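Okay, so here's the structure we're looking at.
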There are 2 protein chains.
Amino acid sequence: MLARGTGIAVWRQVAEILETGIADGEWRAGGRLPTEAEMALRFGVNRHTVRQAIKDLVERGLVRSVQGSGTFVEAPPLAYPIAERTRFSDIVMAQAREPSGRLISATREVANPAVGAALELAAGAEVIRLETVRAADGVPISWALSAFPAARFADVAESFATTSSFTAAFRAAGVADYVRAFTRIGARNADAIDAERLEIALGRPVIEIEGVNTDLDGRPIQWARARFAGDRVRVTVG
Amino acid sequence: MLARGTGIAVWRQVAEILETGIADGEWRAGGRLPTEAEMALRFGVNRHTVRQAIKDLVERGLVRSVQGSGTFVEAPPLAYPIAERTRFSDIVMAQAREPSGRLISATREVANPAVGAALELAAGAEVIRLETVRAADGVPISWALSAFPAARFADVAESFATTSSFTAAFRAAGVADYVRAFTRIGARNADAIDAERLEIALGRPVIEIEGVNTDLDGRPIQWARARFAGDRVRVTVG
DNA sequence: GAGTGGTCTAGACCACCAA
DNA sequence: TGGTGGTCTAGACCACTCG
């Protein structure tokens, strides 16, 4: 089982065994690993050595430890292709996962210059500003700050709150289809807000995507800045 | 100094103190922190507690531990804006760091379909394929796989090997200026090759950027897929 | 060879979760 | 209340770097 004194650290071997077990489906996504004490006994190593192995898996995004509860297998990263027609729920469902969304806050306010320009609004025009979190199988994938022209989408907050879908909210406002007109991408490390919204540790990688959607006449209908949990998605563009 | 029994873990307090010291310039980029044993003594904690604090800083990319040598302060992340005219050396020098480059391999071969299409080459046309690593102050920032139309840039490998600059290599081939025509971005975790080339740990975040440069007539002159050390750069697009 | 970080063990207590 | 992961200490030995 474990080869000692081979130059390969014992904790790496333990991590390797656990990783293989996860890959082989011995523990499914969302499932719980044996307790640290149990693994220490099983592998014949100290509990701290098991902890070091688990810490490695946590860093690599394979498992998640919850104090008082256990260590759980994380779902494999969600493939997230950004294209002209990107629909969160379609992407998630295509991978046999359950999409959901949550409205954090909704306000109506005068657009700041940058957002106003992106939405091609007159100075002083109002927008509906939403903060939302989107998840797959209940695990947060991204959180976003969105702005919609208030004149056209006065009820977007209520629509999203009931349907968890921007597509549905647009349809309710008479926009049957829409496309992505502009995309800007960057990578950052999670700040406190990212960490809280996405339920990830401070400093974990976050992919930031800013974009504008337009209706089929080319009129901007949504500006959004979304931050994705880098460990849970594989974002591709192009 | 340290407040025990306050609900804030001692190792976090130690990490906080070290982080503040780094931010305040007590230890400069590239400088060495006190040894683990010395810090344990100074803070009145066990060496393992210091190790935990250091591990946290390592994960967050603030310091780097070298066995047998010490723990060193990492340089702050390099701001890397991707724009129509992106020149590695300009970006690095603008931040008072020293750019360098290294040629890993150079081959001449028939373009694969995807690269051939990106470069708008006829089927069967040849490309020069380069593997390069780029660094700032000697620390690897990115490594890239590039392809150039062999017909126009037969000597690009030699040019790059001597100048460490694609801009210079293009100029030698009669292309005085060029622009970025296409960009695709994604995030991944370092595989073994990424880790070796970038001198980072397996699984650290890597930002992948695929792009095509064209001359001012719009003819493609370079296809490249670059992978950036996510801990060392702050890539922005748009 | 002296000094550094890396690994492993051992034992204790705490904070948190679920029942 | 019992079990879980989180923290901290203590001590030992190893692997590596550098003069």
Side-chain angles (χ1 to χ4, degrees), chain A residues 1-18 27 30-59 61-74 138 195-196 199-203, chain B residues 1-18 27 30-59 61-74 195 199-203:
Chain A
M1 191 79 133
L2 292 185
R4 304 186 93 112
T6 56
I8 300 173
V10 175
W11 70 262
R12 285 193 189 278
Q13 300 181 48
V14 171
E16 173 71 28
I17 291 171
L18 296 177
W27 302 287
R32 210 191 73 170
L33 260 52
T35 68
E36 294 177 349
E38 193 179 332
M39 287 196 268
L41 198 64
R42 185 193 298 184
F43 295 127
V45 300
N46 190 275
R47 178 181 157 222
H48 288 102
T49 305
V50 172
R51 279 181 65 74
Q52 194 157 10
I54 290 175
K55 190 159 192 172
D56 180 61
L57 299 185
V58 168
E59 276 164 33
L62 274 70
V63 304
R64 174 175 34 100
S65 291
V66 182
Q67 183 173 154
S69 179
T71 300
F72 302 87
V73 179
E74 290 272 29
E196 187 259 324
E199 297 172 21
I200 58 179
L202 265 175
Chain B
M1 192 79 136
L2 292 184
R4 303 185 92 111
T6 56
I8 301 173
V10 175
W11 70 260
R12 285 193 189 279
Q13 300 181 48
V14 172
E16 173 70 28
I17 290 171
L18 296 177
W27 302 286
R32 210 190 74 170
L33 260 52
T35 68
E36 294 177 349
E38 193 180 331
M39 286 197 270
L41 198 64
R42 184 192 298 184
F43 295 127
V45 301
N46 190 275
R47 179 181 156 222
H48 288 100
T49 305
V50 172
R51 280 181 64 73
Q52 194 157 9
I54 290 176
K55 189 159 192 171
D56 179 60
L57 299 185
V58 169
E59 277 164 33
L62 274 70
V63 303
R64 174 174 35 100
S65 292
V66 182
Q67 184 173 156
S69 178
T71 300
F72 302 87
V73 179
E74 291 270 29
E199 297 172 19
I200 58 178
L202 265 175

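Every heavy atom of this structure was used, including side-chain atoms; hydrogens, water molecules and symmetry mates were not. Just so you know, these numbers come straight off a predicted model, no measurement behind them. Labels below follow one simple rule: chain letters A, B, ... track the order of the sequence lines, proteins then strands, and each chain is numbered from 1.
- In this structure, the CD atom of Glu38(A) is 14 Å from the C1' atom of dG5(D), given to the nearest Å.
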Review point. What do the steps show when you test Glu16(A) against Ile8(A) for side-chain contact (heavy atoms from CB on, under 4.5 Å), and what is the final call?
Key: CA-CA 11 Å; Glu16(A) 173 71 28; Ile8(A) 300 173; over 6 Å; no
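- Listed by chain and residue number, nothing satisfies the salt bridge (Lys or Arg N to Asp or Glu O under 4.0 Å) test with Arg32(B) (two or more places apart in sequence, or in another chain).
- Of all heavy-atom pairs spanning Ala15(A) and Ala53(A), the tightest one is N-CB, 3.6 Å.
- Atom-to-atom distance recorded for Leu41(A):CG and Thr35(A):OG1 is 9.0 Å, nearest 0.5 angstrom.
- By the 4.5 Å heavy-atom criterion applied to side chains, Ile17(A) and Phe43(A) are counted as neighbours.
- Summarising the geometry of Val58(A) relative to Ser65(A), their closest heavy-atom pair is CG2-OG, 4.0 Å, with the distance given to 0.1 Å.
- For Val73(A), the side chain to side chain contact (heavy atoms under 4.5 Å, CB included) partners two or more places apart in sequence, or in a different chain, are Ile22(A), Trp27(A), Leu33(A).
- Only one option out of Arg47(A), Lys55(A), Arg42(A) pairs with Glu36(A) in a salt bridge (charged side-chain N to carboxylate O under 4.0 Å, His left out); it is Arg47(A).
- One distance of note links OG1 of Thr49(A) with CE of Met39(A); it measures 12.0 Å at 0.5 Å rounding.
- Glu74(B) meets the side chain to side chain donor-acceptor pair (under 3.5 Å) test with Arg64(B); sequence neighbours excluded.
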Which protein N or O atoms sit under 3.5 Å from an N or O of nucleotides 17-19 of chain D?
unit_1, atom_1, unit_2, atom_2, d
dT17(D), O4', Gly68(B), O, 3.3

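- For the contact set between residues 52-59 of chain B and DNA chain C, defined by any heavy atom under 4.0 Å, there are no members.
- Between chain A and DNA chain C, the heavy-atom contact criterion of under 4.0 Å yields a 5' to 3' nucleotide range of dT7(C) to dC17(C).
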